[in-house]
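For reference, the structure discussed in these notes is given below.
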Amino acid sequence: MNEVPARATTVRRWIESVDGMYHLSEGDWTERLRVLDEWCREIGDDPDRVIASARASRDAKNEYMRSLKRFARERHPAGRAAHDAENVVRSFFIHNGARVFVRPYES
Amino acid sequence: MATVEQAQVLTGQDFYRVCGLRRSIRWYKTWKPVEREKIQRILEVVRVTGSSPGNLQPWRAVVVEQAKLPREKRERLLRADNMQGGHVLAPVWIYWFGDMSVVRPEVFKRRLGEMIDAGSAPTAHGWSREVMDALVDHGEEAPEGLPALNEIAFQMRPEFPAQAAYSETVGAAVVGLLAAVNEGLGTSLCMPAAPSKAHIVREELRVPDTWLPVWLQLVGYPAEDAEAGGQRPRLPFEEIFFEGDATAVFQRDPRVVRDLERAGLLGAPAPTPGRFDELKRLAQMFGYPI
């Protein structure tokens with residue numbers, strides 16, 4: 001697991017909440033934490049501050065979602081991988097009580 | 001040569017099993033259309049089964065096939081309801097409306113007149129057209145044996161038509177749920193629109209101003225197991241049912257409970273083993289976060 005985001009309170013809460021229902025494998029978590037870590041580095045923020053801001057301000061949350069979309073598309077220009085990468089971070093938001101919009105694959 | 005169409009023999013499921021399988025299904029096979037005859041049968045069941053005071057029948061429905069919608073119209077209808085997950089996935093949307101315009105004294109009178117002619121409202125109980133006229137047109141006091149229609153006709157509160165149209169349509173939509181389960185379909189009721197966005201549904205479906213949006217019934221083949229993770233949490237029988245007055249619990253006979261378990265009405269409570277694995281699989285298949 002990536003040590004940097006895994007130490008954050010919000011990340012621990014995310015892992016506990018998801019694993020309380022879905023029991024993801026260690027490999028799944030390694031990948032999810034990598035995506036979250038990369039996105040946090042991209043926006044120059046840490047997980048706890050992201051959640052605090054997103055829950056306090058709708059504008060801040062919307063800006064995070066826009067940056068998330070850009071981040072995912074830059075890394076995965078084609079196919080469903082961008083959607084999947086977005087979903088990792090959306091899951092992090094949802095399990096920390098932030099309201100985010102979710103949609104299925106386009107097709 | 002003339003051909004004779006062979007009548008189809010319809011066989012439904014056992015009533016207890018239908019009730020026992022009723023769930024709010026939120027995952028649908030988006031790729032599998034629903035046969036038109038199944039939708040018609042749902043509507044036919046509601047038409048003959050719905051019960052309403054004075055036989056007003058205020059329910060109206062608009063059936064929408066998601067795949068046939070122009071992209072912009074589909075998006076507006078989905079956004080009116082905040083893009084609820086089940087709504088996005090369900091192939092068929094039945095919008096249920098309550099028509100306030102039928103909750104009027106003259107319609108009461110007309111419908112009740114039909115009931116008298118049909119032998120439903122019996123003269124033996126005191127019903128007659130003359131009595132209807134006296135109660136509804138002249139506000140004369142209802143005799144014992146008949147409902148106080150004079151009060152409805154002459155003391156109708158302004159909000160009553162909307163309340164009556166709404167509540168009776170709720171009942172009809174619930175019948176629609178059971179009819180859909182009987183067809184082997186998944187179904188659920190959800191808000192047709194956020195109250196602030198109800199006008200979008202009215203505009204897109206071109207319904208009269210007197211039609212209140214009541215429920216949106218989602219219909220499709222379930223992508224989840226028919227048990228959908230087990231029966232949802234229900235309040236204990238003893239908390240909600242009473243006998244004689246509200247201080248005495250209706251005594252539940254364990255033998256009846258056992259019979260209903262065997263008949264399929266009472267099943268395993270949610271979440272059944274494997275439910276969250278199923279949800280994980282569904283989320284991954286459709287592209288939702290877990």
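Below, chain A is the first sequence line, B the second, and so on; all start at residue 1.
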_Heavy-atom closest contact (B:I290 atom, A:L24 atom, distance)_ = CD1-CD2, 3.9 Å
*Tell me, for A:F101 versus chain B, whether the close heavy atoms (under 4.5 Å) come from the side chain, the backbone, both or neither.*
side chain
*Any side-chain heavy-atom pair from B:P289 and A:V88 closer than 4.5 angstrom?*
no
Between chain A and chain B, which donor-acceptor atom pairs come closer than 3.5 Å, counting both backbone and side-chain atoms?
residue, atom, partner, partner atom, Å
B:E75, OE1, A:R103, NH2, 3.3
B:E75, OE2, A:R103, NH1, 3.3
B:E75, OE2, A:R103, NH2, 3.3
B:K280, NZ, A:Y22, O, 3.2
B:F286, O, A:Y105, N, 2.7
B:G287, O, A:H83, NE2, 2.6
B:G287, O, A:N87, ND2, 2.7
B:I290, O, A:R32, NH2, 2.5
B:I290, O, A:S91, OG, 2.5

*Would one find more than 12 heavy atoms of other residues, nucleotides or ligands at under 6.0 Å from atom CZ of B:F237?*
yes
*asked:* Within a 6.0 Å radius of atom CZ on B:R252, are there more than 12 heavy atoms belonging to other residues, nucleotides or ligands?
replied: yes
